[in-house]
Amino acid sequence: MTSIRFALSLVLSLVLVACASSYDRTNVTPTAETYERFYPSAASSDVRQFEDGGREALVTLQEHLKPTLTQVPRGRGLNILALSGGGQHGAYGAGVLNGWTTSGKRPDFDIVTGISTGSLIAPFAFLGSGYDARLKRFYTQTTTRDVARLDVAGAIFGRGFLGKTTPLRAAIERELTDDLITAIGAEHRKGRRLLVGTTNIDAERPVLWDIGQMAQIETPQARALIRDVILASAAIPVVFPPITIEVTDGDIRREELHVDGGLTREVFVYPPGLPMGQMLRQAGLTGRDNTIWLIHNKTLEPTFEPLPGNATAVADRAFEMLIRSQSIGNIESILSLAKRDGLGANITYIPRDFTHKPDEPFDRDYMNALFTVGHAAGSASEGWLYDIQDWTTDDFE
């Protein structure tokens with residue numbers, strides 16, 4: 001199964017790293033005291049914020065979201081779509097969106113957020129149902145060789161990473177065309193927001209990137225930055241090398257390393273310090289059907305499955321448990337924010353009775369089966385848990 005193979009790769013790569021020759025980074029951001037003043041050299045300082053940032057970051061994000069709230073049409077509330085990580089399990093979210101369109105009940109989203117595989121889905125979900133076919137194609141026709149390539153020699157003699165992201169980078173460049181990025185920029189100008197999360201592994205902190213803000217710049221460098229950010233959001237640490245982002249403080253240029261956003265959270269909506277309730281009141285949206293929609297591309301229930309007596313199986317189970325635990329914690333945090341700020345919250349996730357097992361990291365047959373399950377969930381109201389404000393972990397046990 002996929003997770004076992006990834007865990008095996010992870011364990012193997014950790015061993016190889018210990019034996020591999022080290023390399024020096026000579027262009028890192030200078031010190032712990034100065035790194036926060038740096039920003040991407042291909043964009044401006046306001047295209048990204050640390051999600052756990054202080055007052056200045058929150059004020060900037062608040063200003064960016066004001067147009068989002070004022071553009072919400074009369075007669076409906078704010079709709080936020082949050083897409084979790086999950087690797088090839090993103091086929092579930094792709095299926096949900098396609099099925100949701102088929103049902104005729106898919107809302108227009110004002111804010112779309114994505115982590116890891118969710119960041120690959122997010123641009124298409126943001127642009128609307130007209131991009132469903134492209135989303136379906138990616139998550140039903142992609143194979144492992146289209147996403148990753150093993151690099152054992154590089155792991156032993158180079159930097160110690162087991163895989164190369166060259167195929168995934170090529171896929172992102174193929175799907176995120178200049179025309180698509182231009183379309184994202186046009187929607188951003190209307191007030192809608194597309195946010196993608198990475199992890200700055202130098203700083204050990206989550207970063208929110210405003211993809212629409214970058215799309216407006218309309219330079220080759222800014223478009224390349226967008227593709228790098230989405231690639232970084234899906235770059236599994238150790239298995240794949242981190243993505244280098246060139247940054248500047250306006251004078252000197254340095255580099256940051258960014259990896260999978262799932263390292264710091266599996267799904268996100270907005271930072272806890274953002275006064276969303278106050279913002280909704282100021283925009284005249286209080287009392288409307290303001291809603292958070294969570295698509296979680298993993299199962300949330302524990303499963304009983306006796307393990308074989310080997311370290312790989314134990315490592316795989318432990319890895320899966322850690323992801324589920326973090327996911328539940330992230331969801332509980334989102335629900336707390338929703339209750340505080342007066343938003344409804346609905347969730348869909350891979351059902352426990354989906355028992356197919358993939359044979360490789362991107363198994364086409366597995367993804368097709370999971371897409372079908374997601375499509376059914378998106379097409380029918382039974383595929384969602386609605387109004388989960390009083391949700392507890394007991395619901396998934």
Side-chain angles (χ1 to χ4, degrees), residues 1-7 81-103 106 112 114-125 129 131-148 167-168 171-172 175 233-234 236 260 262 266-267 293-305 316-317 319-321 323-324 326-328 331 346-385 396:
M1 60 188 288
T2 298
S3 52
I4 288 178
R5 292 174 183 271
F6 265 121
L81 174 67
L83 299 153
S84 82
Q88 67 177 321
H89 307 295
Y92 179 76
V96 168
L97 289 165
N98 274 260
W100 213 352
T101 298
T102 301
S103 75
R106 176 172 165 176
V112 176
I115 288 286
S116 195
T117 199
S119 72
L120 300 175
I121 299 171
F124 304 104
S129 58
Y131 291 81
D132 281 359
R134 296 174 68 169
L135 194 56
K136 178 180 179 181
R137 183 183 70 241
F138 184 82
Y139 279 97
T140 60
Q141 297 183 21
T142 298
T143 64
T144 301
R145 65 176 176 272
D146 297 322
V147 174
L168 180 56
I172 290 172
E175 298 294 339
S233 185
I236 301 168
D260 194 335
E266 281 294 311
V267 63
W293 303 88
L294 301 172
I295 297 180
H296 197 274
N297 296 300
K298 296 283 279 183
T299 185
L300 288 172
E301 294 116 337
T303 57
F304 178 80
E305 183 180 354
D316 170 66
R317 181 64 59 86
F319 184 60
E320 291 293 326
M321 290 174 65
I323 290 177
R324 185 170 67 248
Q326 177 171 304
S327 297
I328 291 173
I331 293 167
N346 308 318
I347 189 170
T348 184
Y349 59 94
I350 299 175
R352 174 186 284 180
D353 60 8
F354 180 75
T355 57
H356 289 62
K357 303 294 184 183
D359 293 323
E360 55 182 301
F362 274 76
D363 183 326
R364 183 182 292 177
D365 291 339
Y366 174 83
M367 290 191 294
N368 273 272
L370 188 53
F371 179 91
T372 299
V373 170
H375 193 284
S379 301
S381 59
E382 292 80 6
W384 287 90
L385 291 178
F396 301 111

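Residue numbers start at 1 and run along the sequence shown. Here the structure is a predicted model, which means the values were calculated and not measured.
Side-chain contact of Ser84 with Tyr349: a donor-acceptor pair under 3.5 Å is absent, judged by distance alone. With no hydrogens or angles considered, no side-chain donor-acceptor pair links His89 and Tyr139 at under 3.5 Å.
For Arg137, the side chain to side chain donor-acceptor pair (under 3.5 Å) partners two or more places apart in sequence, or in a different chain, are Glu175. In this structure, the side chain to side chain donor-acceptor pair (under 3.5 Å) partners of Thr299, at least two apart in sequence or on a different chain, are Glu301. Residues passing the salt bridge (charged side-chain N to carboxylate O under 4.0 Å, His left out) test with Arg106, sequence neighbours excluded: Asp132. Judged as a side-chain contact (heavy atoms from CB on, under 4.5 Å), and not counting sequence neighbours, the contacts of Ile115 are Arg265, Phe268. Judged as a side chain to side chain donor-acceptor pair (under 3.5 Å), and not counting sequence neighbours, the contacts of Ser379 are His375. For Ser129, there are no side chain to side chain donor-acceptor pair (under 3.5 Å) partners two or more places apart in sequence or in a different chain.
In plain terms, the two heavy atoms of Asp146 and Ala171 that are nearest each other are O-CB, 4.2 Å. Nearest heavy-atom pair, Phe354 versus Val373, reported as atom, atom and distance to 0.1 Å: CD1-CG2, 3.5 Å.
In terms of modelled atom types and a separation under 3.5 Å, the side chain of Ser233 and the main chain of Ser116 share a donor-acceptor contact. Using modelled atom types, one side-chain atom of Arg317 and one backbone atom of Glu305 make a donor-acceptor pair closer than 3.5 Å. With Glu266 contributing its side chain and His296 its backbone, the two residues share no donor-acceptor pair below 3.5 Å.
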Report the C-alpha distance between Leu370 and Asn297 in whole Å, list the side-chain angles of each, state the deciding distance to 0.1 Å, and finish with yes or no for side chain to side chain contact (heavy atoms under 4.5 Å, CB included).
-> CA-CA 10 Å; Leu370 188 53; Asn297 296 300; over 6 Å; no
Applying side chain to side chain contact (heavy atoms under 4.5 Å, CB included), run through Thr143 and Phe362 and close with a yes or a no.
-> CA-CA 5 Å; Thr143 64; Phe362 274 76; 5.6 Å; no
Stepwise side chain to side chain contact (heavy atoms under 4.5 Å, CB included) check, Asn346 with Leu385 | CA-CA 6 Å; Asn346 308 318; Leu385 291 178; over 6 Å; no
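Here the CD1-OH distance, from Ile350 to Tyr92, works out to 7.0 Å after rounding to the nearest 0.5 Å. Note: Leu120 CG to Leu83 CG = 10.5 Å, rounded to the nearest 0.5 Å.
Side-chain contact between Val147 and Pro167 is absent, with no heavy-atom pair separated by less than 4.5 Å. Counting heavy atoms from C-beta on, the side chains of Ile323 and Phe319 come closer than 4.5 Å.
Classification of the Trp100-Trp384 ring pair by plane angle, with boundaries at 30° and 60°, yields tilted.
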